[in-house]
Amino acid sequence: MDLNKEQLLDMYKKMATIRAFESKAVELFAAGQIPGFVHLYLGEEAVASGVCACLSDKDYITSTHRGHGHLIAKGGNIKMMMAELFGRSTGYCRGKGGSMHIADVDLGILGANGIVGAGMPIATGAGFACKYKDTDAVSIAFFGDGASDRATFHESLNMASIWKLPVVFICENNGWAISNSQETHQNITDISDRASSYGFPGVSVDGNDVVAVYEATQAAVARARQGDGPTLVECKTWRWRGHFEGDPGAYKDPKDQADWLTKDPIPRLEKNLIKLKYATQAELDAIKAGVEAEIAEAIKFAEESPVPDPKELFTDVYAD
Amino acid sequence: MDLNKEQLLDMYKKMATIRAFESKAVELFAAGQIPGFVHLYLGEEAVASGVCACLSDKDYITSTHRGHGHLIAKGGNIKMMMAELFGRSTGYCRGKGGSMHIADVDLGILGANGIVGAGMPIATGAGFACKYKDTDAVSIAFFGDGASDRATFHESLNMASIWKLPVVFICENNGWAISNSQETHQNITDISDRASSYGFPGVSVDGNDVVAVYEATQAAVARARQGDGPTLVECKTWRWRGHFEGDPGAYKDPKDQADWLTKDPIPRLEKNLIKLKYATQAELDAIKAGVEAEIAEAIKFAEESPVPDPKELFTDVYAD
Amino acid sequence: MKQMTYAEAIRDGMRVEMQRDPNVYLAGEDVAQFGGCFGVTAGLYDEFGPKRVMNTPISEAAIVGHGVGAAAAGLRPIVEIMFVDFMGCCMDELFNQAAKMRYMFGGKAKVPMVVRTPCGAGMGAAAQHSQCIESWFTHIPGVKTVMPGTPADAKGLMAAAVRDDNPVMYIEHKQLLGVPGEVPEGEYVVPLGKADIKREGSDITIVTWSWMLQKTLAAAEELAKKGISVEIVDPRTLVPLDKDAILKSVSKTGKLLIVHEEVITSGFGGEIAAIVGEEGFDYLDAPIKRLAAPFTPIPFAPILESAFIPSEDKIIAAVESMF
Amino acid sequence: MKQMTYAEAIRDGMRVEMQRDPNVYLAGEDVAQFGGCFGVTAGLYDEFGPKRVMNTPISEAAIVGHGVGAAAAGLRPIVEIMFVDFMGCCMDELFNQAAKMRYMFGGKAKVPMVVRTPCGAGMGAAAQHSQCIESWFTHIPGVKTVMPGTPADAKGLMAAAVRDDNPVMYIEHKQLLGVPGEVPEGEYVVPLGKADIKREGSDITIVTWSWMLQKTLAAAEELAKKGISVEIVDPRTLVPLDKDAILKSVSKTGKLLIVHEEVITSGFGGEIAAIVGEEGFDYLDAPIKRLAAPFTPIPFAPILESAFIPSEDKIIAAVESMF
Ligand SMILES: Cc1ncc(C[n+]2csc(CCOP(=O)(O)OP(=O)(O)O)c2C)c(N)n1
Ligand SMILES: Cc1ncc(C[n+]2csc(CCOP(=O)(O)OP(=O)(O)O)c2C)c(N)n1
Ligand SMILES: [Mg+2]
Ligand SMILES: [Mg+2]
């Protein structure tokens, strides 16, 4: 493992931040403070954190409807994220996007997306731009197991392959597409096998092991930066919550749910850190406490922020 | 080989008919007698003939923009086809469809199609109907190597797989998507490998060997009729002409073109028939002569048929 | 008559048609045990089983495209697209395949398919889950477009859509799903192409449909208090359009306001205004007005979203501006 | 000034912009060595090389979708969709992604992408290769829609489209590709949103665009002989629309005919009729008329196809019916 203490602790902080952010989102949604749809990333923290640890600000990502974790892992500002969930003018999108459309183009975050699979062609195009401009930047498309059945998966992977683009396709296989378990929506076990249809490598990793995610992504990113083209990385994980807040997820087998809860990626990394003597439990608890405080501040910021001026309805339809 | 004399001679006649029909179409288009776009099947006769020899009238096919061969092989009426190319009221579509939209629903021919890849979901739905009605009928989707890069390929094969539908996907890999050779539009050699993405079998055969096409399709059709689900059959062949009449196909390497012309599927079957003593050259020449006569009659029929009444513009927009 | 919500009425319409005709089946994302994203198909899986109520992968092109093939092969699919906003993922299957098959084949095929899909803003779902785009479908020869505004119409139009031999876009509004109303039990058919006068009046005609019908009914109450008598014509189906009912009402009132939730530019209101402007020119004693959403995407923040949606107040103001 | 065909003018427009800005590139099916299905990009591959003129697989969603990402990441793609009829395969990428990205992100992104695509009937290409569907694009906030009717406009509008920071549908007509005309050399920009009076007249205003502009110009000649003076307003871009130019002309003539090749129902003519009917009501001394294709798919047989397309004779008859 080529990860040093600092890197591992940074991933840990990212995972803890996502966990705390999403846990608060559960409460805030239940309390009616967040309008619209909210799809949470609880249980999947290791994927975004492991992947984004391989990236810098000049690299691009496209996210999904379940995007909070990607945003945080890529360095998104938590206050502006929370304010956006609240629909406030201080939010990332000035309140015009909401949970499903948070973006930070300066950080290379080309947006969460309400259309399943829509991020893959966009990431392919961003990867095209990285190559066209002769940079060594790469582009990452996050998408789910359900999205791997969509049109855009096929067309994007094929195009990225023949153009040898620096794109890494990260499939977050969390076992579910709303109420459909993976085996009901596709007849394969490893989505990474689909890479063979496009003539580039595919690999499957334990998505609850942040180190495994990091290593697989690191290899794929290195390949991309060298000009060797795309890779498909499948991260097997589990969606802890219902599809969106409000869905109890009654279709899940309680036993599966219980099993997966025991695979929580955060304690798993904690054990690892302590074993490696990179941190004591007390230090880790301190990190978590710090994160909780940040989230609390973000919520306060959001609550105290003004709602948009109704005139904003008409702005930014077109660039001039 | 489980093909008897009668079957082989029938395939031979189909291939000869397609060859004669298309050869005439070349002249008629050049003479300005056929409006619009005409995409010819010359050189690919063994595919449609071998596939359709496995089917009966209750089985469905969806065809493509290059559909004359599929129509003839599935038993289409040559007079009505020719009249349609001429845009006459006696044509299959009363002159409203033309070369790209010929259909004969009673024969299970759900139409040529001007949209690349559009036939695959339609064939999937026809296969769904076959299963829903508890018949043992099957549905065949013809499509090209270029179409295998489209959205609809991915979504159709995945859906047919999870629903275990009696559908056989016949990929006519003729090496070209207009001016793009296969290696420029996809990074794989055998398109049949793509079946693994959907968890069902894929097989590649010599598309200029009608017996090989027949045998591979027969196995796939048997599988489908038994309720074992779809198969992808890739038939490797070559587009003799330009993409459509008017395209000289200058982008083709003359050497490749010459090589493939030597692989003409018709003489190849003739040798076979003579070796098997199923026919003498004289008998085969007689079949060809008979076919020529049929085509000549069809042309006469088309030429003598009236153009549609302008009022037809307004009919059949809706069923009532 | 029975009290039902709009959602229950849609379900009842599907159920009755499924009982009536074994060739009618349902396919869409999460429509089976889960009952659909908005619960509209709840219970149908239990009643009709896995053969007739099928979950699909997230494959809109294959959902609509397979429906075209199944319909051409003799079935009567009701396919669900979870939000009308996702029709961009399957427009080819609708407009080049389903819509044109019959015409291209010289009348020798039919495609009796219903595409059921919810539209509309009002739930903070933002730009990709809140749209109304019905005018797109009305621009496609071969497709019929149905937009029920009440529970009874929702049921009766569903029956008509399923029995129709053409592809039908059946567009239900998310904000109406919980609205209750009187609905006939058993078989009940509202013919496609017949408008309904939802309120009689003499001073001005308002043509509106779907959710905006409910807002307009409320606005008309207020306007009545102010002494303005509003006649509300609900076309219920945009294609075929009951032109005569609209012209007849305008010939009586002399004024026409069109209210819809689509963005104004190239919304269906333009088509109605053009027809009445040409064929009803002499009836008009004031310019035809359109009240619609502005030409912007749909914003997330509630304060912005409600500024986007044509409101009861805006309807009242628009009407008053015409006197 | 130089004589060029419309196709050459489009190419010259792209060439000049590609010389000017290294971030402009071309991607589409067969656009490289082959020069495109209609030869419009011929020679650009030789001039600019494989990096800037790229063939794509048959993957419309990825063609437009990759353009969105490339544009958001700082390039200025010109993507080609071989026929506008294929836009049904990539509508989501246009209307939910390209069009809304800027707004959804609170103004923090721009998508300077041009989608070049040919439209129109007249070559016997039948129902799936002959359509005009511009009104769909004009219904999408965030997208601009350009429809040049002359070689000079084709070049100048291409430059404006490429330089614009928004997604632009640049729709060229197959029947115009061979039409010659005077075209300025070098850099030449026709601003988006500015109509052009293609013929001055006093008795009636005709608003028309693309191929129909040419037919209307011919019809106007005939009508002049019959003593009817026609003013022809070519909006050139439908969104943004130069409303003022249209209203100004109608205020002068008092009559408005709109001619387009789209099917009439929900075609863009309805939008123009609604605007003028509301804002120009007092100018009108006759009902606004629309002359458009009937509400049918496009038939193959030449005799049927020419009955479908609005002809010079029909334009003349429509004008005469208004006097
Ligand atoms: C094109 C499209 N179809 C359907 C939907 C509705 N929808 C939203 S999320 C979702 C499930 C996505 O599953 P997956 O890709 O596995 O992502 P996950 O929710 O599991 O993270 C569906 C069907 C959509 N938003 N877009
Ligand atoms: C969706 C769509 N994109 C593009 C086209 C234009 N087009 C017609 S045929 C063709 C090439 C098809 O190649 P392939 O699938 O290999 O079939 P072939 O022509 O070789 O038989 C293309 C790009 C189309 N008709 N439809
Ligand atoms: Mg999932
Ligand atoms: Mg091919």
Side-chain angles (χ1 to χ4, degrees), chain C residues 60-61 85-97 99-100 103-104 126-128 131 133 135-142 238-239 241 258 262-282 284 286-290 294-300, chain D residues 60-61 85-97 99-100 103-104 126-128 131 133 135-142 238-239 241 258 262-282 284 286-290 294-300:
Chain C
E60 281 72 16
D85 310 69
F86 308 157
M87 286 302 299
C89 303
C90 48
M91 278 304 274
D92 185 71
E93 287 64 33
L94 180 72
F95 100 109
N96 277 330
Q97 311 304 327
K100 298 176 168 58
Y103 190 86
M104 293 189 302
Q128 295 172 337
Q131 300 171 84
I133 49 175
S135 66
W136 277 6
F137 310 121
T138 64
H139 196 45
I140 308 172
L238 304 186
V239 172
L241 180 68
I258 303 148
E262 282 189 283
V263 298
I264 188 158
T265 307
S266 294
F268 195 68
E271 179 63 24
I272 295 173
I275 290 171
V276 176
E278 179 169 355
E279 300 180 36
F281 190 68
D282 300 336
L284 295 168
I288 297 166
K289 261 186 173 272
R290 292 179 295 168
F295 194 57
T296 75
I298 296 156
F300 166 69
Chain D
E60 281 72 17
D85 311 69
F86 309 157
M87 286 302 299
C89 303
C90 48
M91 277 304 274
D92 186 70
E93 287 64 34
L94 180 72
F95 101 108
N96 276 330
Q97 311 303 328
K100 296 175 169 58
Y103 190 86
M104 293 189 301
Q128 296 173 337
Q131 299 171 83
I133 49 174
S135 67
W136 277 6
F137 310 122
T138 64
H139 195 45
I140 308 171
L238 304 186
V239 173
L241 180 68
I258 302 147
E262 283 189 282
V263 298
I264 188 158
T265 306
S266 294
F268 195 68
E271 179 62 24
I272 295 173
I275 290 170
V276 175
E278 178 168 355
E279 301 180 36
F281 190 68
D282 301 336
L284 295 168
I288 298 167
K289 265 188 171 268
R290 293 180 293 168
F295 194 56
T296 75
I298 296 156
F300 166 69

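Only this structure's heavy atoms are used, side chains among them; waters, hydrogens and symmetry mates stay out. Here is the naming used below: chain letters follow the sequence lines, and residue numbers restart at 1 for every chain.
- For E279(C), the side chain to side chain contact (heavy atoms under 4.5 Å, CB included) partners are K243(C), L247(C), I275(C), not counting sequence neighbours.
- With a threshold of 4.5 angstrom between heavy atoms, A127(C) approaches chain D through its backbone and through its side chain.
- When G280(C), G142(C), G267(C) are compared by the number of non-hydrogen pairs under 4.5 Å with chain D, G267(C) comes out ahead.
- Of the two parts of F295(C), the backbone and the side chain both hold a non-hydrogen atom closer than 4.5 Å to a non-hydrogen atom of chain D.
- Judged as a side-chain hydrogen bond (donor to acceptor under 3.5 Å, both in side chains), and not counting sequence neighbours, T265(C) has no contacts.
- Listed options I258(D), I272(D), D92(D) were ranked by heavy-atom pairs under 4.5 angstrom with chain C; first place goes to D92(D).
- H139(C) has its side chain out of reach of H139(D): every pair of non-hydrogen atoms, C-beta onward, lies at least 4.5 Å apart.
- Here CD1 of I133(C) is found 4.5 Å from CZ of F95(D). Values are rounded to the nearest 0.5 Å.
- Using a 4.5 Å cut-off on side-chain heavy atoms (C-beta onward), P299(D) and Y103(C) make contact.
- In this structure, CD in Q97(D) is found 5.0 Å from CD in Q128(C), a value given to the nearest 0.5 Å.
- Proximity to chain D is limited to the side chain of Q131(C), based on heavy atoms less than 4.5 angstrom apart.
- Expressed to the nearest 0.5 Å, how far CZ of F86(C) lies from CG of N96(D) amounts to 8.5 Å.
- When S135(D), A274(D), P141(D), A99(D) are compared by the number of non-hydrogen pairs under 4.5 Å with chain C, P141(D) comes out ahead.
- Here L94(D) contributes atom CG and M91(C) contributes atom CE; the two are 11.5 Å apart, rounded to the nearest 0.5 Å.
- Across D282(D), T296(D), L241(D), the residue that shares the most heavy-atom pairs under 4.5 angstrom with chain C is T296(D).
- Of the atoms belonging to L238(C), not a single heavy atom falls under 4.5 Å from chain D.
- A side chain to side chain contact (heavy atoms under 4.5 Å, CB included) with S266(C) is found for one member of W136(D), F268(D), F137(D) and no other, namely F268(D).
- With respect to chain C, the highest number of heavy-atom pairs below 4.5 Å among G270(D), G277(D), P287(D), C90(D) belongs to P287(D).
- For A286(C), the part lying near chain D is the backbone, with the side chain staying farther off; criterion is any non-hydrogen pair under 4.5 Å.
- Taking all atoms of both residues into account, the shortest heavy-atom contact from E271(D) to R290(C) is OE1-NH1, 2.7 Å.
- Heavy atoms of V276(C) lying under 4.5 Å from chain D are absent altogether.
- When heavy atoms are compared at a cutoff of 4.5 Å, A273(C) approaches chain D solely by way of its side chain, counted from C-beta outward.
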